[in-house]
*Asks:* 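Here it is, the structure in full.
Start at 1 and go down the list; that is how both ligands and their atoms are numbered.
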Amino acid sequence: MSWDQRQRAMLAEMGYRLPAASAVAAEVVEAEPEPIVVAAPPPVIVRVAAPSAPSSFANLDMPALREAVSSCRACGLCEQRRNAVFGNGALQQAQWLVVADPPDEGDDASGEALGGDAGRLLDRMLSAAGQRRTGDEATAFVTPIVKCRPPRGRAPQPAELDACEAVLARQAELLRPRVVLAMGLQAARRLTGLTEPLGKLRGRVHRWRDLPVIVTYHPAYLLRSPADKAGAWDDLCLALRTVND
Ligand code: SF4
């Protein structure tokens, strides 16, 4: 399959159809994509130093960490949560660590990260990039930037982000991902340490705790703005190039 056909197929996997004038029949790909060989990724942007993981999480294995998060009271977000959202996906090493914006109401009710239509779109996006977060062969782990839903969906405050970064840092230590995908503005700003609009954070390789970070749109946003799925695919390609570099 040529690159052009391949790109069309991947976009079809994500539910995006190219304009009719230039489109050819897009084939839905179910097999893992072939390695993409392209030019070196853009220059790396280094994030400001992150706070160290507190000792309360630092030595826990994954089951113990999940248990600790379920009853965590390290910040005020514990007060109104129904369920902490630890995340799901690869049980041991993950190739991709997907860090999304804070849990929405559905996630808070279920305790699962990114369910519903947004979760289904995320799974198609991961599949298009040869990744999956379910099953024994899972290669990706999906988790929110803070594990407890802020009241009324407000943005998490710096102290809350600081407290919960300790959990994320331990997840990253245990999963040892090759790339981090920051989905949504709040996740992107936290992991890059920058306050620019999301559009300006895309297209670059940032760094968080020695891991490359690629910024992209949140799947819930893409459901409202499907024209941006093409841009999201560009971001996934940058993540693939970064891993293969
Ligand atoms: S948001 Fe994170 S740090 Fe705060 S209570 Fe929940 S799990 Fe603990």
Side-chain angles (χ1 to χ4, degrees), residues 47-92 94 96-116 118-119 122 133 138 140-177 180-195 198 206-211 213 215 218-221:
R47 176 202 196 271
V48 294
S52 300
S55 58
S56 56
F57 300 119
N59 296 318
L60 302 181
D61 63 14
M62 196 63 88
L65 185 62
R66 182 184 290 272
E67 182 64 28
V69 166
S70 70
S71 58
C72 179
R73 303 191 65 81
C75 82
L77 294 183
C78 66
E79 299 294 343
Q80 295 185 47
R81 72 170 178 229
R82 283 181 283 181
N83 293 288
V85 180
F86 183 74
N88 53 37
L91 296 176
Q92 297 183 4
W96 286 27
L97 175 59
V98 180
V99 182
D101 277 351
D104 65 14
E105 205 165 356
D107 300 338
D108 179 54
S110 69
E112 296 296 325
L114 268 168
L122 170 63
R133 64 163 165 163
F141 192 89
V142 179
T143 188
I145 188 74
V146 291
K147 313 311 181 195
C148 303
R149 174 174 163 79
R152 297 174 298 284
R154 66 161 170 78
Q157 297 170 354
E160 295 160 350
L161 289 160
D162 285 347
C164 214
E165 185 163 330
V167 178
L168 183 63
R170 185 58 183 157
Q171 288 177 311
E173 287 171 0
L174 291 165
L175 292 165
R176 291 173 288 131
V180 177
L181 193 65
M183 289 190 131
L185 181 63
Q186 293 167 54
R189 285 184 167 172
R190 179 64 188 185
L191 294 184
T192 64
L194 301 172
T195 57
L198 187 131
H206 306 267
R207 283 216 166 253
W208 173 77
R209 294 179 179 266
D210 288 333
L211 294 169
V213 176
V215 170
H218 193 282
Y221 166 81

*Asks:* Is any side-chain N of the basic residue among Arg190 and Asp162 closer than 4.0 Å to the acidic one's carboxylate O?
*Replies:* yes
*Asks:* Looking at Thr195, is its backbone amide N or carbonyl O close enough to the side chain of Arg189 to form a donor-acceptor pair, meaning the two atoms are under 3.5 Å apart?
*Replies:* yes
*Asks:* Could you pull out the closest heavy-atom pair between Pro177 and Ala172, with the gap in Å?
*Replies:* CD-O, 3.5 Å
*Asks:* From atom 2 (Fe) of ligand 1 out to just under 2.8 Å, does an N/O/S atom of Cys78 turn up?
*Replies:* no
*Asks:* Do other residues, nucleotides or ligands put more than 12 heavy atoms under 6.0 Å from the CG atom of Asp61?
*Replies:* yes
*Asks:* Please list the nearest protein heavy atom to atom 4 (Fe) of ligand 1 with its residue and the distance rounded to 0.1 Å.
*Replies:* Cys75 SG, 2.3 Å
*Asks:* I need the atoms of ligand 1 closer than 4.0 Å to a non-hydrogen atom of Arg81, numbered in the order shown.
*Replies:* 5 (S), 6 (Fe)
*Asks:* Any idea which protein heavy atom is nearest atom 6 (Fe) of ligand 1, and the distance to it?
*Replies:* Cys148 SG, 2.3 Å
*Asks:* Nearest protein heavy atom to atom 5 (S) of ligand 1, by residue and atom, and its distance?
*Replies:* Cys72 O, 3.6 Å
*Asks:* Looking only at protein heavy atoms, which one is nearest to atom 2 (Fe) of ligand 1, and what is the separation?
*Replies:* Cys164 SG, 2.3 Å
*Asks:* Surrounding CZ of Arg152 (heavy atoms of other residues, nucleotides or ligands, distance under 6.0 Å), is the total greater than 12?
*Replies:* no
